[in-house]
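To start, the structure under review is shown below, and the notes come after it.
Below, each value reflects all heavy atoms present in this structure, side chains not excepted, and no hydrogens, waters or symmetry copies. Nothing here was measured: the structure is a model prediction, and the numbers come from that model.
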Amino acid sequence: MSNSLFRKKSLTSIIKDANDGLTDGLETGGMHKVLKVKDLTAMGIAAVIGAGIFSTIGEASFHGGPGVSLLFLITAITCGFSALCYAEFASRVPVSGSAYTYSYVTFGELAAWVIGWALILEYAIGNIAVAISWSGYCNNLLRGLGLSLPAWLSSNYDSASPETIAAAPHIGSLPVIVNLPAFIVVVLITYLAYVGIRESKRSANFMVGLKILVILFVIVLGFFYVNKSNWVPFMPNGFSGVLKGVSAVFFAYIGFDAVSTTAEECANPQRDLPKGMIYSLVICTVLYILISFVLTGMVPFYKLKVDDPLAFVFDEVHLPWISYLISVSAVIATTSVLLVFQIGQPRIWMSMSRDGLLPKRFAKIHPRFKTPSFATIITGIIVGVPALFLNLTIVTDLTSIGTLFAFILVCGGVLMLPPQEKGDGKRFRLPYINGQIVVPVLVTGLVIFFHKELLQKLSFAGGWEVWKHNIPFFIFVVVTVLITYFSFARKLSLIPVLGLLSCFYLMTEIALKNWIVFSIWLVIGLSIYFLYSYRHSKLKSAV
């Protein structure tokens, strides 16, 4: 009997369980294996190109100027390291569960539970925020058609004006203020995710094709109105100004995590999943860089601190009709993001339930639709009800923390995977590049180049009230020293090391208050683990 907190599942047993459809007999057969490379690529694009390209890119361009294109490239390379590590895991462990399953193989059960719990935060809060954002775009679109909902049906208590509160119906002294469009779209997307992966992939492919056509049209038309003098200076606020947009830009790149949750619905996951993740990352990076050049070329960068930069720049060049097209595309883009993440969350719960860490019902597969039906309904409730009442856009940084945490464990997990012999069929293989010399030289070079900033962050100048916000950075420095030592001593693979360190650095750019909330969330998760999951784990009774 295994009572260790670090008990691990073997690669062999995980793949065997998935092939056998092992979910305690609550389903009828396995899941539909219908996803191919183009479907996975479309899902990745659907998740990556969302609200960011229509809103947060403006804030990043305001700080970085035309140089924000470099930030998209840097972020894509950073996420590329993680994507390659995901691809290695996806080809070695072709089952649902994403980073949760990968961590179970390499770090053990406790780490797997922690990352599964963190992914719940990432997916749920992320989709609540996206649903609220979708509602805003939808209301703008309706107003363009001469239609509009009453303000009390398209708002929430946090942002409702005194006029909205006065006009709303009351239950006693409590005004009824709900965000009905956000709730409705979650219900519709949940239904689509419930009835099957075939229907979901068709919808995702259609929405991706449409929004890419609109974005390409905007790029091509926009280049006719570019004033090249707006690209000078290229980095008006220096490189530090470019880096100010890192959180907003990174948030646009987290979609390939959701793609890896669909492994059991892929026709050939060991070959197709890695291709889908990498292709989507490349395509999205090219589109983002082109959009950033169009935006900063059409108007001076200092005018771009607006909520709807794409619509704004075309208004500036007297093409207001483009704004309507952009509103349509924004609604489609955010709908596709919702769909991909509503598909991903239930499959993580399904994997956790298979292992006994969640109740058995979460692993139930619908006999007709072949989807994790109960988990999909619960996901819809958890996202739809808060979206009806709350304004959670201020906590999107929590989504970034959960995602980066997952990326770090995946990159670290690749370093712990046992070597696999060649000749085991065609699959993606992460290339091994010896980091023994490269990592120490790279870290030393960065320390020398950024020594002033480094000393400033690690000093006690300003006292405790200032220094406490640098605690995450201090932890990052300690981890970097340890990783550099092990890279030299054990000849660690370069790509996962760079992925781990770059993602950890991005975490330090997120405000300390979000680290605190994330820590509280993890404490709640650990309480559930020790009260339920630890005792019900299938590995606990394994011989």
Side-chain angles (χ1 to χ4, degrees), residues 45 48-82 133 211-212 214-216 218-223 225-255 280-317 322 326 329-330 333 396-397 399-400 403-404 449-450 453 502-503 505-511:
I45 296 171
V48 172
I49 297 183
I53 203 165
F54 299 98
S55 56
T56 55
I57 192 174
E59 179 82 14
S61 299
F62 170 79
H63 292 297
V68 75
S69 56
L70 292 179
L71 183 56
F72 281 111
L73 185 60
I74 292 168
T75 308
I77 292 171
T78 299
C79 291
F81 294 140
S82 299
S133 176
K211 72 180 176 183
I212 286 181
V214 172
I215 289 170
L216 289 175
V218 167
I219 290 171
V220 172
L221 181 63
F223 266 113
Y225 292 88
V226 162
N227 182 352
K228 293 182 181 179
S229 63
N230 289 330
W231 289 338
V232 181
F234 189 68
M235 292 189 289
N237 297 312
F239 196 64
S240 61
V242 171
L243 290 178
K244 280 187 178 180
V246 68
S247 293
V249 169
F250 170 77
F251 192 74
Y253 277 100
I254 64 177
S280 61
L281 189 65
V282 171
I283 292 169
C284 293
T285 299
V286 171
L287 291 176
Y288 271 126
I289 289 174
L290 291 174
I291 281 285
S292 67
F293 275 121
V294 168
L295 284 178
T296 54
M298 290 178 69
V299 302
F301 72 94
Y302 52 81
K303 291 186 176 182
L304 288 172
K305 195 174 184 179
V306 293
D307 292 333
D308 52 350
L310 284 183
F312 170 77
V313 295
F314 282 101
D315 285 339
E316 287 288 290
V317 295
I322 295 293
I326 290 169
S329 185
T396 50
D397 274 352
T399 302
S400 295
T403 305
L404 285 165
F449 189 77
F450 294 106
E453 293 85 349
S502 56
C503 288
Y505 173 75
L506 289 179
M507 282 186 77
T508 68
E509 293 292 318
I510 298 174

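Atoms OH and CZ, from Y302 and F62 in turn, are 11.0 Å apart once rounded to the nearest 0.5 Å. Taking OG of S292 as the start and CG of L287 as the end, the distance is 11.0 Å to the nearest 0.5 Å. Here the CE-CG distance, from M298 to L221, works out to 7.0 Å after rounding to the nearest 0.5 Å. How far OG of S502 is from CD1 of I77: 10.0 Å, rounded to the nearest 0.5 Å. Atom OG in S82 sits 9.5 Å away from atom CG in L281 (nearest 0.5 Å).
For the salt bridge (Lys or Arg N to Asp or Glu O under 4.0 Å) condition, no pair includes a residue of residues 280-295, sequence neighbours left out. Listed by first then second residue, pairs satisfying salt bridge (Lys or Arg N to Asp or Glu O under 4.0 Å) with a partner in residues 282-304 read K303-E316, not counting sequence neighbours.
The side-chain heavy atoms of V214 and I326, taken from C-beta on, include no pair separated by under 4.5 Å. In this structure, the side chains of V313 and V294 stay at 4.5 Å or more apart for every pair of heavy atoms. You'll find the side chain of S69 reaches within 4.5 Å of the side chain of F234, heavy atoms only. Contact of the Y505 side chain with the T78 side chain is not registered, since no non-hydrogen atoms from C-beta on lie closer than 4.5 Å. Using a 4.5 Å heavy-atom cutoff, the side chains of P309 and S61 are not in contact. Put simply, the side chain of I291 reaches to within 4.5 Å of the side chain of I219, judged on heavy atoms. Considering only heavy atoms from C-beta on, P236 comes within 4.5 Å of P66 through its side chain. When side chains are defined from C-beta on, L290 counts as touching V286, because their heavy atoms get closer than 4.5 Å.
For the pair N230 and P300, the tightest heavy-atom approach, listed with the atom from each and the gap, is OD1-CG, 3.8 Å. Closest heavy-atom contact between L304 and L295: CD1-O, 4.0 Å. Summarising the geometry of K211 relative to I45, their closest heavy-atom pair is NZ-O, 3.7 Å, with the distance given to 0.1 Å.
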Show your reasoning for whether side chain to side chain contact (heavy atoms under 4.5 Å, CB included) applies to I212 and L216.
CA-CA 6 Å; I212 286 181; L216 289 175; 3.8 Å; yes

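If you run ring-ring contact (aromatic ring centres under 6.0 Å, His included) between F293 and each of F223, W231, F72, Y288, only W231 comes through.
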